[in-house]
Engineer: 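First, the structure itself, so that you have it in front of you.
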Amino acid sequence: MSVSTTSRHTALHGEHAALGASFTDFGGWDMPLKYGSELAEHRAVRTAAGLFDLSHMGEIRVSGPDTTTFLNSALVGNLAAVAVGRAKYSLVCTPEGGIIDDLINYRLAEQEYLVVPNAGNAPAVLAALQERAAGFDVTVADESAETSLIAVQGPAAQAIVQELVPAGQQQLVAELKYYAAAPATVAGIDVLLARTGYTGEDGFELYVPEAQAVPLWKALLEAGQGHGLVPCGLACRDSLRLEAGMPLYGQELTRDLTPYEAGLGRVVSFTKDEDFVGRTALEARKAAGTDRTLVGLRGEGRRAARGHYPISVAGQVVGEVTSGALSPTLGYPIAMAYVDNAHAEPGTQVQVDLRGKPVPFEVVALPFYRRGQ
């Protein structure tokens with residue numbers, strides 16, 4: 001796959017090349033697509049563990065006396081309800097209610113948060129936060145360039161990380177809750193250890209200074225050898241998140257969609273006091289309802305639907321696929337799609353136009369896969 005000469009490299013680019021990775025441009029970054037078989041990488045994460053370089057993601061530290069009030073004004077969620085050491089999924093929206101990006105927000109201290117936007121949206125999120133910080137006593141610091149992010153995902157993730165922490169931190173790793181984070185020392189390197197991920201499996205994301213990314217990556221690879229860990233690229237990350245029903249910005253989430261079409265109305269807090277950006281528009285959208293819904297689709301046969309394929313009922317177009325693939329775990333085609341509300345009920349039979357041939361699919365509830373099923 002051709003790569004733009006302007007693509008940026010993470011600190012681990014040389015490690016990926018040495019491991020034989022195929023690369024692709026993603027959000028302006030030259031990232032590993034796969035190292036060998038994307039199917040084998042997918043299955044490793046479901047059964048053992050996978051190691052991902054996510055250093056293309058953004059990291060924005062927000063701190064100062066007004067931080068919580070500021071973030072409650074800038075984002076749709078209630079960050080005041082997040083305890084120190086915990087994380088919250090939220091959205092940053094336009095004044096019209098469109099989604100600029102979805103984010104994970106870690107509360108590191110009473111008035112200090114780490115905001116993590118998606119790679120391609122990091123500049124837009126930084127600009128929005130800086131603009132919205134006017135009048136607040138806060139500091140918005142972009143730490144993306146000096147921060148690397150490595151993820152260990154899969155059933156063996158805890159055992160692998162525990163091999164690399166001091167004896168006194170074994171319990172910390174074991175007891176760290178989902179959507180929580182704590183400082184830890186992994187392979188002698190100080191990291192922010194978060195129990196978060198984008199695969200539908202247990203796992204950890206390790207935020208580390210860029211200069212320490214290579215030794216941390218190598219230590220995790222070595223520790224994982226006895227646990228079936230393999231390095232993984234973006235191809236299997238996409239199929240894993242699709243099985244888990246997790247939206248991807250640019251496909252399920254865009255500026256043309258509000259949280260309510262995307263099934264993320266629960267993320268929006270109208271109980272907080274702050275008049276957050278987009279509040280008026282989102283209150284109106286919630287009251288009026290939407291005319292389309294994000295659903296799951298299960299296909300027959302082996303042919304997968306892809307993004308932008310039209311969906312029809314009785315010859316009338318009723319929606320469009322946003323993401324689709326043949327599920328490695330389930331063995332049948334799955335897709336996420338927006339359809340008219342009249343055809344969004346699970347069990348509804350629809351047809352997807354697969355390059356000119358209508359193929360039957362059934363509307364199903366998301367997610368397609370849950371850990372432990």
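By convention here, the first residue in the shown sequence is residue 1. Bear in mind that the values here come from a model prediction, so they are computed numbers and not experimental data.
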Engineer: Heavy atoms, side chains only, cut-off 4.5 Å: are Leu221 and Pro231 in contact?
Structural biologist: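 Yes; the side chains approach each other to less than 4.5 Å.
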
Engineer: Hey, do the aromatic rings of Tyr207 and Tyr106 have their centres closer than 6.0 Å?
Structural biologist: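 Yes, the ring of Tyr207 comes within the 6.0 Å limit of the ring of Tyr106, centre to centre.
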
Engineer: Enter the distance from Thr147:OG1 to Gln212:CD here, rounded to the nearest 0.5 Å.
Structural biologist: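 Atom-to-atom, Thr147:OG1 and Gln212:CD are 12.5 Å apart.
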
Engineer: Looking at residues at least two apart in the chain, or sitting in another chain, which of them share a side chain to side chain donor-acceptor pair (under 3.5 Å) with Glu320?
Structural biologist: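 With neighbours one apart ignored, the set is His308.
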
Engineer: Please identify each residue that fulfils side chain to side chain donor-acceptor pair (under 3.5 Å) with Tyr89, with sequence neighbours left out.
Structural biologist: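 Side chain to side chain donor-acceptor pair (under 3.5 Å) list for Tyr89, sorted by chain: Asp102.
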
Engineer: Mind checking whether Leu240 and Tyr369 have side chains closer than 4.5 Å, heavy atoms only?
Structural biologist: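 Answer no - side chains too far apart.
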
Engineer: Any salt bridge linking Glu283 with Arg279? Criterion: basic side-chain nitrogen under 4.0 Å from a carboxylate oxygen.
Structural biologist: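 A salt bridge links Glu283 with Arg279.
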
Engineer: Sequence neighbours left out, what pairs pass salt bridge (Lys or Arg N to Asp or Glu O under 4.0 Å) with at least one residue falling in residues 252-267?
Structural biologist: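 Matches after skipping sequence neighbours: Arg241-Glu252, Glu261-Arg285.
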
Engineer: Is there a path of hydrophobic side-chain contacts, each under 4.5 Å between heavy atoms of I, L, V, M, F, W or Y residues, that connects Leu192 with Val208?
Structural biologist: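 Result: no, two separate clusters.
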
Engineer: Taking only residues at least two apart or on different chains, which pairs with a member in residues 162-193 satisfy ring pair (Phe, Tyr, Trp, His ring centres under 6.0 Å)?
Structural biologist: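 Not a single pair qualifies under ring pair (Phe, Tyr, Trp, His ring centres under 6.0 Å).
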
Engineer: Using the salt bridge (Lys or Arg N to Asp or Glu O under 4.0 Å) rule, collect all pairs that involve residues 130-140, keeping only residues at least two apart or in two chains.
Structural biologist: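 Every pair satisfying salt bridge (Lys or Arg N to Asp or Glu O under 4.0 Å) with a residue in residues 130-140: there are none.
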
Engineer: Given side chains that start at C-beta, do those of Phe52 and Arg237 come closer than 4.5 Å, heavy atoms only?
Structural biologist: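 Phe52 vs Arg237: side chains touch.
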
Engineer: Does any non-hydrogen side-chain atom of Pro215 lie less than 4.5 Å from one of Ile189?
Structural biologist: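 Yes - at least one pair of side-chain heavy atoms lies under 4.5 Å apart.
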
Engineer: For Gln171, I'd like to know if atom CD has over 12 heavy atoms of other residues, nucleotides or ligands within 6.0 Å.
Structural biologist: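 No - once you tally the heavy atoms of other residues, nucleotides and ligands closer than 6.0 Å, there are 12 at most.
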
Engineer: Pairs in or reaching into residues 52-78: which pass salt bridge (Lys or Arg N to Asp or Glu O under 4.0 Å), with residues at least two apart or in two chains?
Structural biologist: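 Every salt bridge (Lys or Arg N to Asp or Glu O under 4.0 Å) pair that includes a residue of residues 52-78, provided the two are not neighbours, is Arg61-Glu112, Arg61-Glu143.
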
Engineer: Excluding sequence neighbours, so at least two apart, what forms salt bridge (Lys or Arg N to Asp or Glu O under 4.0 Å) with Glu96?
Structural biologist: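 Glu96 satisfies salt bridge (Lys or Arg N to Asp or Glu O under 4.0 Å) with no residue once adjacent residues are dropped.
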
Engineer: Ignoring hydrogens and geometry beyond distance, is a side-chain donor-acceptor pair present between Gln111 and Thr68 at under 3.5 Å?
Structural biologist: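 A donor-acceptor contact under 3.5 Å links the two side chains.
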
Engineer: With Asp30, which of His16, His9, His56 fulfils side chain to side chain contact (heavy atoms under 4.5 Å, CB included)?
Structural biologist: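 Output: one option passes, namely His9.
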
Engineer: Side-chain atoms of residues 151-163: list all donor-acceptor pairs with protein atoms under 3.5 Å, sequence neighbours left out, distances to 0.1 Å.
Structural biologist:
| residue | atom | partner | partner atom | Å |
| --- | --- | --- | --- | --- |
| Gln153 | OE1 | Thr199 | OG1 | 2.8 |
| Gln153 | NE2 | Thr196 | O | 3.1 |
| Gln158 | OE1 | Arg195 | NH2 | 2.8 |
| Gln162 | NE2 | Gln170 | O | 3.1 |
| Glu163 | OE2 | His227 | NE2 | 2.7 |

Engineer: When you measure from the side chain of Arg306 to the backbone of Gly324, do you find a donor-acceptor pair of N or O atoms at a distance under 3.5 Å?
Structural biologist: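 Pair found, side chain donor or acceptor close to backbone of Gly324.
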
Engineer: Remaining members of Val230's ILVMFWY cluster at a side-chain heavy-atom cut-off under 4.5 Å?
Structural biologist: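 None; Val230 is a cluster of one.
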
Engineer: Just wondering, more than 12 heavy atoms not from Lys286 lying within 6.0 Å of its NZ?
Structural biologist: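 It does not: Lys286 NZ has 12 such atoms or fewer within range.
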
Engineer: Answer with yes or no whether the side chains of Asp101 and Asn118 bring together a donor and an acceptor at under 3.5 Å.
Structural biologist: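 Yes, side-chain donor-acceptor contact under 3.5 Å.
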
Engineer: With a 6.0 Å cut-off (strictly less than), is the heavy-atom count around CD of Gln349, excluding the residue itself, greater than 12?
Structural biologist: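 Atom CD in Gln349 is packed in, count exceeds 12.
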
Engineer: Find the distance between CG (Asp291) and OH (Tyr338) and round it off to the nearest 0.5 Å.
Structural biologist: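 Answer rounded to 0.5 Å: 12.0 Å.
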
Engineer: Between Ser269 and Phe276, which heavy-atom pair has the shortest distance, and what is it?
Structural biologist: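 Nearest heavy atoms, Ser269 then Phe276: O-CE2, 3.2 Å.
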
Engineer: Supply the members, apart from Phe361, of the Ile/Leu/Val/Met/Phe/Trp/Tyr cluster built from side-chain contacts under 4.5 Å; use none for a lone residue.
Structural biologist: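 Joined to Phe361, directly or through intermediates: Val295, Leu297, Tyr309, Ile311, Val313, Val318, Val321, Val339, Val350, Val352, Leu354, Val359, Val363.
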
Engineer: For Gln130, does the CD atom have more than 12 heavy-atom neighbours from other residues, nucleotides or ligands under 6.0 Å away?
Structural biologist: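 More than 12 heavy atoms, drawn from other residues, nucleotides or ligands, come within 6.0 Å of this atom.
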
Engineer: Is it true that Arg107 and Glu110 make a salt bridge, defined as a side-chain N closer than 4.0 Å to a carboxylate O?
Structural biologist: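 Looking at Glu110 together with Arg107, the answer is yes, because their closest N to O distance falls below 4.0 Å.
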
Engineer: Tabulate below the donor-acceptor pairs under 3.5 Å that side-chain atoms of residues 38-45 make, not counting sequence neighbours, or state none.
Structural biologist:
| residue | atom | partner | partner atom | Å |
| --- | --- | --- | --- | --- |
| Glu41 | OE1 | Gly233 | N | 3.0 |
| Glu41 | OE2 | Tyr35 | N | 2.7 |
| Glu41 | OE2 | Gly36 | N | 3.4 |
| His42 | ND1 | Ser239 | OG | 2.7 |
| His42 | NE2 | Glu243 | OE1 | 3.0 |
| His42 | NE2 | Glu243 | OE2 | 3.2 |
| His42 | NE2 | Thr329 | OG1 | 3.1 |

Engineer: Report yes or no: do Thr322 and Gln251 form a side-chain donor-acceptor pair below 3.5 Å?
Structural biologist: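 No - no donor-acceptor pair under 3.5 Å links their side chains.
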
Engineer: Just by distance, do the side chain of Thr348 and the backbone of Ala344 share a donor-acceptor pair under 3.5 Å?
Structural biologist: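 Not confirmed, Thr348 side chain does not pair with Ala344 backbone.
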
Engineer: Quick one about Ser90 and Asn105 (side-chain donor to acceptor, distance below 3.5 Å, no hydrogens or angles considered), yes or no?
Structural biologist: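 Side chains of Asn105 and Ser90: no pair found under 3.5 Å.
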
Engineer: Who clusters with Leu79? Use side-chain heavy atoms, under 4.5 angstrom, across I, L, V, M, F, W and Y, and order the result by chain and number.
Structural biologist: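 Other cluster members: Ile60, Val62, Phe70, Leu71, Leu75, Val82, Val92, Ile100, Leu103, Tyr113, Val115, Val125, Leu126, Leu129, Phe136, Val138, Val140.
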
